[in-house]
Engineer: 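Here it is: the structure, laid out below.
Proteins get letters first, then strands, A, B, ... in listed order; numbering begins at 1 in each. What you see is a predicted model; the values in this text were computed from it and never measured.
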Amino acid sequence: MRLSGTGTAADNPSRGTPADDPMHRPRAVDGRAPDVMRRGEWVPMRQFRDEEEVDFVIVGTGAGGGTLACRLAEHGFTVAALDAGPYWRPLEDFASDEMHQSKLYWTDERIVDGENPLQMGSNNSGKSVGGSTVHYAMVALRFRPEWFKSRTLLGYGADWPLDWREMWSYYDQVEDDLKISGPVTYPWGPKRPRYRYRAHELNAAAKVLARGAEAMGIDWTPTPLATVSAPRGDSPPCVYRGFCTVGCSTNAKQSVLVTYLPRALAAGAEIRDLAMVGRIETKDGRATGVHYFRDGRWRFQRARNVVVAGYAIETPRLLLMSANREFPDGLANSSGLVGKNLIVQGNQAVWGDFEEEIRSYKGPPSLAVTEHWNYEDRGKDFHGGYCYMSQGPLPTLWGSTQAGAHGLWGEALVSEMQRYNHVAGLKIVSEYLAQERNRVTLSDETDQYGLPIPRITYSWCDNDKALNRHGLDFMGQALAAAGGRNIWEQGDDTNHLYGTARMGHDSKTSVVNGDCRSWDIPNLWVCDGSVFPTTGGVNPSLTIQAIALRTADRIRAMARGGDRRDA
Amino acid sequence: MQSRKDLFPGYDVLAKRDTPSWNPKTRSVIDERLAITPRTHRFLDAAEFATLLAVAGRIVPQPAGRTDPVPAAAMVDHKLASGEHDGYRQAGLPEQGTAWRLGLKALDAEARAAFGAAFGELGAWAQDMLLKTCEDGALRGPAWADMPSDLFFKKRIIPDLVKAYYAHPTAWNEIGWGGPASPRGYVRMDFDRRDPWEATEAKPGREEEAYQENLRVGR
């Protein structure tokens with residue numbers, strides 16, 4: 001039993017910070033893992049020996065791998081989930097500080113090129129147990145149903161091998177697992193159940209979006225968010241600190257670290273932190289396990305199945321690095337598509353200042369959203385859709401936006417920065433098209449593990465540029481209609497990663513099938529944003545998690561069908 | 001162009017250090033940052049660091065005689081010394097430490113070629129002129145080797161110095177940001193609403209009122 005106010009949960013403690021070093025010494029050892037909800041406490045953890053053949057070894061514990069690990073363990077499979085990142089104790093390890101919290105990001109070197117080189121690291125790559133969900137903005141949006149058949153119904157992109165109604169039922173489950181806070185009725189798309197927790201209060205930045213949308217005659221809504229608006233177990237309601245994208249120090253955020261992973265442990269899964277997988281081994285056409293680096297040495301975990309869930313850069317990187325005599329072009333790559341069709345989403349913004357004080361740093365950064373241009377197909381000179389949301393950049397992000405995208409430095413920068421409390425912006429999450437020339441390859445340089453550094457090549461196509469223009473024009477009008485002045489455009493930003501191990505109906509044009517299973521190697525699976533053949537105009541995490549739950553259920557169904565060896 | 005003002009008189013985000021807005025981890029992280037002194041450098045040599053100090057003075061200028069200046073140059077050196085990377089680098093740029101060393105030497109060489117003096121010894125006008133030429137990619141002296149000067153400006157000088165500057169409490173005071181907020185967070189979210197532990201902006205003629213309010217943020 002725990003007495004409230006005794007300082008074991010999120011109460012402000014006088015106690016200090018942990019003495020161990022989670023970035024250099026694994027925490028999940030000796031039969032226990034950190035209890036992420038309680039200061040200094042532990043939960044028991046089953047451990048497997050390397051030579052013990054587990055049913056599933058999962059590479060990555062984020063939205064895809066962590067969710068899948070939980071469901072597979074709850075289905076009774078033996079699971080070892082490996083993550084390159086540290087096992088954080090959010091209540092003790094997380095500071096209210098942007099610079100320090102960059103420890104949550106994947107900051108290993110990557111080389112970017114192409115006509116529109118991507119910015120990596122901070123907003124699209126996590127290196128933590130729990131993956132990018134530890135620092136994501138918690139935006140929990142569903143796909144528009146038509147996007148699962150976008151080639152047939154909308155005339156662009158690709159049809160998914162998944163049915164939207166089945167996905168809709170998995171969205172229900174994820175929303176319940178995360179107790180999503182959202183509106184009573186959602187303005188767009190087919191009817192969905194009520195969100196489990198009430199919507200969050202709007203901050204002034206969100207009310208700017210609402211004003212603009214109403215002036216433009218379109219719908220808007222409080223954003224469905226994976227941070228609780230009322231207590232849930234050891235999670236207190238969100239206190240509107242506004243540091244969501246650098247880690248939640250109160251555990252209001254329903255990241256994979258504090259939701260699915262504790263469940264996975266309770267169901268008997270092992271989670272190995274600071275475990276970097278460098279190669280998947282194969283024999284006679286089947287995966288046999290993974291080589292991984294932990295505690296100063298390379299080891300080999302045997303497994304009946306291998307799941308790659310490293311997100312759309314590390315996943316193709318691992319498949320390509322695992323090339324061997326049997327699979328000289330990399331694993332699961334008979335189509336030649338591993339690493340190709342990398343897709344990001346547009347993340348352009350308009351910014352302006354207001355007579356009133358906005359102080360957008362308070363509360364989750366994106367408390368209001370409009371999906372109008374996801375569901376309205378008329379009036380577009382491009383394929384695809386977009387939503388846009390209110391914003392709450394903290395000072396170093398805002399400074400680098402003013403200096404980078406706005407080109408200010410010197411006195412011009414420091415004086416403009418003094419308008420910080422009066423600024424509001426609208427930021428897009430938009431649908432770019434898949435192109436084979438956008439891709440992840442291996443460079444000649446090596447990293448600290450001796451593994452080849454990935455090279456990431458990205459260029460916009462004409463459709464992407466037309467979408468950018470439409471979005472910036474519309475958001476600029478909406479911001480002006482809301483009372484914004486001195487409006488300027490941030491034209492270069494992108495976010496989210498997809499497509500480098502795409503799913504499909506045909507082994508010649510995709511890497512995995514609808515069950516996330518490799519066409520080439522029957523006991524090799526991919527479960528993360530890499531499998532998306534199209535992106536839609538919403539953030540990916542909810543869909544990645546819905547696919548993970550579905551994949552686990554499919555694996556159980558196949559196992560029950562007698563194909564236990566394969567699943 | 002507007003110039004910088006004392007918009008939040010009396011506001012000191014550090015006054016909140018021992019309030020429920022700062023958890024122990026935040027206190028230790030900010031203590032470490034405040035221990036960096038303006039002239040500490042471990043990674044760059046003396047000449048390179050002198051150039052960086054001068055560059056920082058133009059990119060994120062500070063009022064003369066500030067009692068608690070942001071050690072932006074030293075914070076960049078600290079980043080390079082501790083090997084914290086951004087997670088990507090543009091093709092054409094070397095690794096960050098190599099890029100900084102190369103770029104600072106090249107800027108200094110350009111200063112000597114154009115004006116016959118070290119970059120750090122030039123006046124503000126000449127320094128800005130060189131930095132603008134760098135931003136435009138038009139510095140092409142042999143000291144740059146294969147590194148484009150505009151990439152160095154946009155991908156190293158700007159993000160590294162600006163992020164360092166706005167990661168410091170002095171800069172937070174200057175822009176009136178609430179600062180660390182764990183676990184207390186905030187309550188008043190609407191337009192023109194302010195929690196008692198947030199900065200008050202001085203309205204013309206009411207500076208004293210703002211000053212008195214700002215003395216209360218830590219209570």
Engineer: Side chain, backbone, both or neither: which part of B/Lys163 has an atom under 4.5 Å from a heavy atom of chain A?
Structural biologist: both
Engineer: So which residue, A/Cys238, A/Gly121, A/Ala95, ends up with the most heavy-atom pairs under 4.5 Å with chain B?
Structural biologist: A/Ala95
Engineer: Given 3.5 Å as the limit, does a donor-acceptor pair link the side chain of A/Gln418 with the main chain of B/Lys5, or not?
Structural biologist: yes
Engineer: Donor-acceptor pair, A/Ser96 side chain versus B/Ala181 backbone, under 3.5 Å?
Structural biologist: yes
Engineer: Heavy-atom pairs under 4.5 Å with chain B are the metric here; pick the option from A/His422, A/Glu445, A/Arg359 that has the most.
Structural biologist: A/Arg359
Engineer: Measure the spacing between CG of A/Asp113 and CD of B/Gln90 and express it to the nearest 0.5 Å.
Structural biologist: 8.5 Å
Engineer: Taking side chain as C-beta onward, heavy atoms only, is B/Tyr88 less than 4.5 Å from A/Gln119?
Structural biologist: yes
Engineer: Relative to chain B, which of A/Arg455, A/Arg211, A/Gln101 shows the most heavy atom pairs under 4.5 Å?
Structural biologist: A/Arg211
Engineer: So which of A/Val414, A/Leu367, A/Leu118, A/Leu202 has the largest heavy-atom pair count under 4.5 angstrom toward chain B?
Structural biologist: A/Val414
Engineer: When you compare the side chain of B/Glu32 with that of A/His100, does any pair of heavy atoms fall below 4.5 Å?
Structural biologist: no
Engineer: Among B/Val187, B/Leu131, B/Leu161, who wins on heavy-atom pairs under 4.5 Å with chain A?
Structural biologist: B/Leu131
Engineer: I need the residue from B/Glu84, B/Glu135, B/Glu95 with the largest number of non-hydrogen atom pairs under 4.5 Å to chain A.
Structural biologist: B/Glu135
Engineer: Is A/Ser102 in contact with chain B via its backbone, its side chain, both, or neither, using a 4.5 Å heavy-atom distance?
Structural biologist: neither
Engineer: Quick one, A/Trp409 and B/Lys132 - any side-chain contact, counting heavy atoms below 4.5 Å?
Structural biologist: yes
Engineer: Quick check for you: among B/Leu93, B/Ile30, B/Val162, which has the greatest number of heavy-atom pairs under 4.5 Å with chain A?
Structural biologist: B/Val162
Engineer: Can you tell me which of B/Ala167, B/Pro159, B/Ser28 forms the most heavy-atom pairs within a distance under 4.5 Å of chain A?
Structural biologist: B/Ala167
Engineer: Answer yes or no: is there a donor N or O on one side and an acceptor on the other, between the side chain of A/Asn421 and the main chain of B/Gly176, under 3.5 Å?
Structural biologist: yes
Engineer: Let me know if B/Leu7 has heavy atoms under 4.5 Å from chain A in its side chain, its backbone, both or neither.
Structural biologist: both
Engineer: Chain B: which of A/Gly404, A/Gly114, A/Ser443, A/Gly410 shares the most heavy-atom pairs with it under 4.5 Å?
Structural biologist: A/Gly410
Engineer: Just wondering, do A/Val112 and B/Arg89 contact through their side chains at under 4.5 Å, heavy atoms?
Structural biologist: no
Engineer: Hey, does B/Phe191 have a side-chain heavy atom less than 4.5 Å from the side chain of A/Ile358?
Structural biologist: yes
Engineer: Classify the ring geometry between B/Trp177 and A/Phe243 as parallel (under 30°), tilted (30 to 60°) or perpendicular (over 60°).
Structural biologist: tilted
Engineer: What option among A/Glu98, A/Glu355, A/Glu201 has the most heavy-atom pairs under 4.5 Å with chain B?
Structural biologist: A/Glu201
Engineer: What's the verdict on salt bridge (charged side-chain N to carboxylate O under 4.0 Å, His left out) for A/Glu357 and B/Arg194, showing C-alpha distance, side-chain angles and the deciding distance?
Structural biologist: CA-CA 9 Å; A/Glu357 287 184 2; B/Arg194 183 186 71 84; over 6 Å; no
Engineer: So which of B/Ala164, B/Pro61, B/Ala199 has the largest heavy-atom pair count under 4.5 angstrom toward chain A?
Structural biologist: B/Pro61
Engineer: Would you say the side chains of A/Gln402 and B/Tyr166 form a donor-acceptor pair under 3.5 Å?
Structural biologist: no
Engineer: Counting only heavy atoms closer than 4.5 Å, note whether B/Asp86 contacts chain A via side chain, backbone, both or neither.
Structural biologist: backbone
Engineer: Taking every non-hydrogen pair under 4.5 Å, which of B/Arg184, B/Glu198, B/Lys154 racks up the most with chain A?
Structural biologist: B/Glu198
